[in-house]
Amino acid sequence: MSEIIFPPDFAWGAGTAAYQIEGGWQADGKGPSIWDTFCHEEGRVFGEQNGDVACNSYELWEKDLECIQQLGLTHYRLSFSWARLLPHGTTQHVNQKGVQYYNKVIDDLLACNVSPMVTLYHFDLPQALQDQGGWKSPSTAGLFDSYARFCFQTFGDRVKLWITINEPYVCAKLGNEDGIHAPGLREKGTAAYLVGHNMLRGHAMAWHSYDSLYRPQQKGAVSLAINSDWIEPLDPGREADVAAAERDLAFTLGWFAWPVFVTGDYPEIMRSAIDAQSAKLKHSGESRLPRFSEDDPTILGTADFFALNHYTSRKATAGGDCEETLCMKSDRNVEEVVDSSWPICGVSWLAVVPSGLRKLLKYIKDTFHNPAVYITENGFSQVGPLQIEDVHRCQFYKDTILEVAKAIEEDGVDVRGYFAWSLMDNFEWADGFSVRFGLFHVDFSDAELSRTVYRSGKEYAKIIAKYTSGQSK
Ligand code: GAL
């Protein structure tokens with residue numbers, strides 16, 4: 001490729017999530033969420049840390065806005081805290097202070113010519129709804145729809161890009177199978193499928209609500225953010241490895257993308273693997289992978305674009321060491337391997353493979369009918385001693401953005417935007433503050449929680465300036 005080019009209206013963004021940055025966990029009438037509860041239980045999070053204060057964006061939002069402006073972002077992805085807006089989870093009681101807070105954030109962004117992309121649900125279910133069964137309960141989908149309608153009604157005159165649910169895979173599996181995210185359940189081989197099912201139902205209801213009630217006036221777009229690694233066979237010449245890679249993608253990306261973009265139902269590979277494993281283990285009762293019924297909303301077609309969260313790549317081979325146990329791993333029957341040539345930087349799961357993103361984008365184009373794609377999360381972490389001069393991360397962003405350009409130019413993928421994760425260091429879930437994904441460093445030992453740009457933030461700003469130079473902003 002001679003010179004890399006991006007479409008003139010390409011979205012250059014960075015993202016955050018409410019629980020990871022806001023703090024103010026009890027401020028001004030906010031209700032508790034499952035992450036408040038989870039972090040306050042002993043032994044859940046690294047160093048017993050929590051998001052009670054985090055980056056204190058509830059009070060320091062204007063500092064965040066300065067960072068956004070310094071980077072020259074055209075878009076900023078944030079999430080709403082459901083329990084800040086609706087402390088008990090339902091629209092019967094609205095917290096006006098929460099409405100004011102997000103109104104200010106949105107208005108400030110627009111005044112600076114930055115478009116908001118809002119995620120309605122980024123892992124933080126109101127605790128009041130968890131107490132009634134949480135996402136395992138079918139009625140949570142309807143309550144999510146009411147919350148979504150409230151948000152469309154209140155903020156949709158100004159917000160034009162919506163994400164309903166962030167990473168249903170992570171919510172379902174890490175929260176309900178592995179127990180390492182809130183609500184901390186370890187109900188192996190059952191709960192995650194149920195949670196994923198109700199999330200898909202809730203997402204679809206919200207999309208239909210937008211489509212019929214709000215789209216005509218508001219003219220925005222709605223999707224759900226699906227996380228996926230790029231997966232390839234360990235030995236491409238070995239049939240079992242090829243099948244394992246296909247199965248792995250079906251159980252992660254396919255679990256949510258297949259129903260929404262291809263058939264309205266789960267991938268056949270997933271259904272047959274779970275059914276076969278259930279039979280083998282003589283698991284009785286209804287299918288562990290629920291079925292959509294006539295009363296459910298239509299799932300197919302409920303995304304106006306493809307929102308992809310992508311971090312890393314893996315090689316797949318058949319196997320798994322818990323074949324006799326009821327669990328997702330044995331249903332999937334895949335062993336994932338990191339290629340020895342891929343550097344691991346930051347957290348142990350994050351092998352740096354920029355070319356994997358290009359391959360995944362091409363796969364998405366070919367499999368899901370050439371959708372418009374926003375890369376809603378991509379990034380690379382730092383652990384251990386602080387390095388403001390994060391040269392590896394600079395290289396990562398340069399290499400990755402080049403791969404995105406190639407996907408657009410050479411593979412014809414309709415990529416509309418790229419959102420770096422994250423605007424600033426924040427509460428990285430079970431890893432607490434030990435893992436830093438920011439373009440800005442946040443000094444959590446300083447009462448002011450000062451934000452300092454990393455070298456990678458400067459690099460990203462340069463990239464953005466280069467590709468937006470012809471644009472109005
Ligand atoms: C995603 C999540 C983000 C962020 C990121 C880095 O799964 O949506 O909130 O934590 O991972 O690990």
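- The closest side-chain heavy-atom distance from V159 to Q218 is not below 4.5 Å.
- The two residues E187 and E177 have their closest heavy-atom pair at O-OE1, 4.0 Å.
- A heavy-atom distance below 4.5 Å is found between the side chains of R201 and P138.
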What do the steps show when you test D52 against H40 for side chain to side chain donor-acceptor pair (under 3.5 Å), and what is the final call? CA-CA 9 Å; D52 290 3; H40 295 152; 2.8 Å; yes
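- A donor-acceptor pair under 3.5 Å is absent between the side-chain atoms of R77 and the main chain of G13, judged by distance alone.
- Contact check for V260 versus F306: no side-chain heavy atoms found under the 4.5 Å cut-off.
- Here the side chains of V118 and L78 are in contact, with some heavy-atom distance below 4.5 Å.
- Side-chain contact annotation: S57 with D64, donor-acceptor N/O pair under 3.5 Å present.
- Here the CZ atom belonging to R44 is positioned 10.0 Å from the SG atom belonging to C39, to the nearest 0.5 angstrom.
- Under the 30°/60° scheme for interplanar angles, the aromatic rings of F380 and F396 are found to stand perpendicular.
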Checking K329 against E336 for the salt bridge (Lys or Arg N to Asp or Glu O under 4.0 Å) test, could you report, in this order, the C-alpha distance in whole Å, the side-chain angles of both residues, the deciding distance, and whether it holds? CA-CA 11 Å; K329 184 156 196 249; E336 290 182 345; over 6 Å; no
Please determine whether side chain to side chain contact (heavy atoms under 4.5 Å, CB included) holds for the pair L249 and Y363, giving the CA-CA distance in whole Å, both sets of side-chain angles, and the decisive distance to 0.1 Å. CA-CA 10 Å; L249 277 171; Y363 176 88; 3.9 Å; yes
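- Between I299 and D265, the closest side-chain pair of non-hydrogen atoms is not below 4.5 Å.
- A salt bridge does not link K365 with D414: none of the charged nitrogens is closer than 4.0 Å to a carboxylate oxygen.
- Under the ring-ring contact (aromatic ring centres under 6.0 Å, His included) rule, Y58 has a single partner from Y19, Y101, W25, which is Y101.
- Between K188 and L326 there is no side-chain heavy-atom pair separated by less than 4.5 Å.
- The minimum heavy-atom distance linking W35 with A182 is given by the pair CZ2-N, 3.5 Å.
- The pair K30-E22 fails the salt-bridge criterion, with no side-chain N (NZ, NE, NH1 or NH2) lying under 4.0 Å from an Asp/Glu carboxylate O.
- Here the side chains of M424 and C67 are not in contact, with every heavy-atom distance at 4.5 Å or above.
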Please walk me through it: do T252 and N227 pass side chain to side chain contact (heavy atoms under 4.5 Å, CB included)? CA-CA 8 Å; T252 50; N227 61 290; 5.9 Å; no
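- A donor-acceptor pair under 3.5 Å is formed between the side chain of N176 and the backbone N or O of C171.
- In this structure, Y266 has its ring center closer than 6.0 angstrom to the ring center of F292.
- Side chain to side chain, Y121 and H203 fail the donor-acceptor criterion of an N or O pair below 3.5 Å.
- For H197 and W135, the ring centers are positioned 6.0 Å apart or more.
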Verdict with supporting geometry, W421 and F419, ring pair (Phe, Tyr, Trp, His ring centres under 6.0 Å): CA-CA 6 Å; W421 184 271; F419 289 71; over 10 Å; no
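- Formation of a donor-acceptor pair under 3.5 Å by the S381 side chain with backbone atoms of R436 is not found in this model.
- Within the 3.5 Å criterion, the main-chain N or O of C112 finds no donor-acceptor partner in the side chain of Q69.
- In this structure, the side chain of R215 engages the main chain of G220 through a donor-acceptor pair within 3.5 Å.
- Here CE of M117 is found 13.0 Å from CG of L109. Values are rounded to the nearest 0.5 Å.
- Nearest approach of F256 to G196, heavy atoms of both residues: CE2-O, 3.7 Å.
- Put simply, OG1 on T37 and CG on D131 are 7.5 Å apart, with the number rounded to the nearest 0.5 Å.
- With T298 contributing its side chain and L300 its backbone, the two residues share no donor-acceptor pair below 3.5 Å.
- Checked by atom type, the side-chain pair S81/Y102 shows no donor-acceptor distance below 3.5 Å.
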Salt bridge (Lys or Arg N to Asp or Glu O under 4.0 Å) between R84 and D28: does it pass, once the steps are laid out? CA-CA 9 Å; R84 192 179 296 291; D28 294 341; over 6 Å; no
So I364 and H310, side chain to side chain contact (heavy atoms under 4.5 Å, CB included) or not? Walk me through it. CA-CA 12 Å; I364 288 171; H310 170 79; over 6 Å; no
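- Closest heavy-atom contact between T468 and W12: CG2-CD1, 3.6 Å.
- Note that CG of L86 and CG of L129 are 9.0 Å apart. Values are rounded to the nearest 0.5 Å.
- Cation-pi contact between R393 and Y454: present, with separation from the ring centre below 6.0 Å and deviation from the ring axis of at most 45°.
- Salt-bridge formation is not detected for the pair K173/E167: no Lys NZ or Arg NE/NH1/NH2 atom is positioned less than 4.0 Å from an Asp or Glu carboxylate oxygen.
- For the side-chain contact (heavy atoms from CB on, under 4.5 Å) test with D229, the passing option among D248, L360, L253, T312 is T312; the others fail.
- The ring-ring contact (aromatic ring centres under 6.0 Å, His included) with F427 is formed by just one residue from the set F123, F444, F433; it is F433.
- With a 4.5 Å cut-off on side-chain heavy atoms, V105 and P116 do not count as touching.
- In this structure, the ring of F80 has its center less than 6.0 angstrom from the ring center of F155.
- Salt bridge annotation for D9-R416: absent, with no cationic side-chain nitrogen under 4.0 angstrom from a carboxylate oxygen.
- Judged by distance alone, with hydrogens and angles left aside, the side-chain atoms of S209 form a donor-acceptor pair with the main-chain N or O of M205 at under 3.5 Å.
- A 6.0 Å sphere centred on NZ of K160 holds more than 12 heavy atoms belonging to other residues, nucleotides or ligands.
- Rounding to the nearest 0.5 Å gives a distance of 5.5 Å between OG of S79 and CG of D124.
- Residue W258 places its CH2 atom among 12 or fewer non-hydrogen atoms of other residues, nucleotides or ligands, all under 6.0 Å distant.
- Of the inter-residue distances, the one linking E428 atom CD with F437 atom CZ reads 5.0 Å to the nearest 0.5 angstrom.
- For the residue pair Y210 / D304, no side-chain donor-acceptor distance below 3.5 Å is found, with atom types taken as modelled.
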Apply side chain to side chain contact (heavy atoms under 4.5 Å, CB included) to residues L449 and V53 and explain how you reach the verdict. CA-CA 10 Å; L449 293 162; V53 178; 4.1 Å; yes
